[in-house]
A.B. asks: 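Provided herewith is a single structure, encoded as structure tokens, for subsequent inquiry.
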Amino acid sequence: MLFAVYVLSGGFMEIVLIAGLSLVIAMLGVILINQRRELDARKRAEKRRELNRGM
């Protein structure tokens with residue numbers, strides 16, 4: 001109910017702005033997590049190669 005009152009009073013743009021910013025922050029978080037996972041996977045692969053060379 002409060003949401004409807006806020007939208008009808010002209011506050012829709014603020015909601016769109018907040019939702020858009022939240023979406024951008026969430027996407028950046030996902031990108032950073034994926035980059036971190038890739039880096040960890042590369043490090044593990046390099047360690048495996050070093051161990052295999054040593055044998």
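Below, each value reflects all heavy atoms present in this structure, side chains not excepted, and no hydrogens, waters or symmetry copies.
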A.B. asks: Could you measure the distance from the CD1 atom of I18 to the CG atom of L23? Nearest 0.5 Å is fine.
C.D. replies: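 Here the rounded value is 13.5 Å.
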A.B. asks: List the residues meeting salt bridge (Lys or Arg N to Asp or Glu O under 4.0 Å) with R48, not counting sequence neighbours, and say none if there are none.
C.D. replies: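 Expected list: none.
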A.B. asks: Linking directly or through intermediates, with side-chain heavy atoms under 4.5 Å: list the remaining ILVMFWY members grouped with I31, chain and number order.
C.D. replies: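 I31 clusters with nothing; isolated.
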A.B. asks: Would you call E50 and R53 a salt bridge, taking side-chain N to carboxylate O under 4.0 Å as the test?
C.D. replies: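 R53 and E50: not salt-bridged.
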A.B. asks: Using the side-chain contact (heavy atoms from CB on, under 4.5 Å) rule, take K43 and E46 through it: C-alpha gap first, then chi angles, then the decisive distance, then the call.
C.D. replies: CA-CA 5 Å; K43 285 181 181 177; E46 186 61 32; 5.7 Å; no
A.B. asks: Can you tell me which residue pairs pass the side chain to side chain donor-acceptor pair (under 3.5 Å) test with a partner in residues 17-40, sequence neighbours excluded?
C.D. replies: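 Residue pairs passing side chain to side chain donor-acceptor pair (under 3.5 Å), neighbours aside: E38-R42.
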